[in-house]
Trainee: 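Structure below; questions to follow.
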Amino acid sequence: MALMLGALSILTFWMFGLGILLGATATGTAVAARRPDTPGHHPDVKQGIIGVFAGIAGIAFGVIFLTAALPHL
């Protein structure tokens, strides 16, 4: 789930905040899935780490885009 949300955040960084929202959700989902008390869930460490990095990249791209686009509105 975190990997999918992170990839979507990178793809939608230009949609005025949607990429930032999806990136934050991806990061939160990856961190929450790694908790040891999640019942019946064995986290895949690689997908979680990639999901966190993809979420952070989506947030960064979204912030850079908003910084560049907002003065021209």
Side-chain angles (χ1 to χ4, degrees):
M1 182 82 159
L3 182 59
M4 178 188 67
L5 289 171
L8 284 174
S9 73
I10 292 173
L11 292 174
T12 61
F13 74 91
W14 54 273
M15 295 183 73
F16 290 103
L18 182 62
I20 297 170
L21 180 66
L22 287 173
T25 306
T27 305
T29 302
V31 170
R34 291 185 47 109
R35 293 183 59 188
D37 60 345
T38 305
H41 186 269
H42 301 289
D44 186 8
V45 177
K46 291 178 188 175
Q47 284 188 355
I49 291 172
I50 294 171
V52 168
F53 285 132
I56 291 171
I59 292 170
F61 292 157
V63 168
I64 291 169
F65 174 76
L66 284 178
T67 303
L70 284 180
H72 300 289
L73 290 179

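Only a predicted model underlies this, so the values are computations on that prediction, with no experimental measurement involved.
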Trainee: Can L11 be reached from F13 by stepping across I, L, V, M, F, W or Y side chains whose heavy atoms are under 4.5 Å apart?
Mentor: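 No, F13 and L11 fall in different hydrophobic clusters.
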Trainee: Side-chain heavy atoms nearer than 4.5 Å, only ILVMFWY residues, links allowed to pass through others: does that put W14 and L5 together?
Mentor: yes
Trainee: For residues 16-28, dump all side-chain donor-acceptor pairs below 3.5 Å to protein atoms at least two apart in sequence or in another chain.
Mentor:
{"from": "T25", "atom 1": "OG1", "to": "L21", "atom 2": "O", "distance (Å)": "2.8"}
{"from": "T27", "atom 1": "OG1", "to": "G23", "atom 2": "O", "distance (Å)": "2.9"}

Trainee: Show me, pair by pair, the donor-acceptor contacts under 3.5 angstrom made by side chains of residues 45-70, not counting sequence neighbours?
Mentor:
{"from": "T67", "atom 1": "OG1", "to": "V63", "atom 2": "O", "distance (Å)": "2.7"}

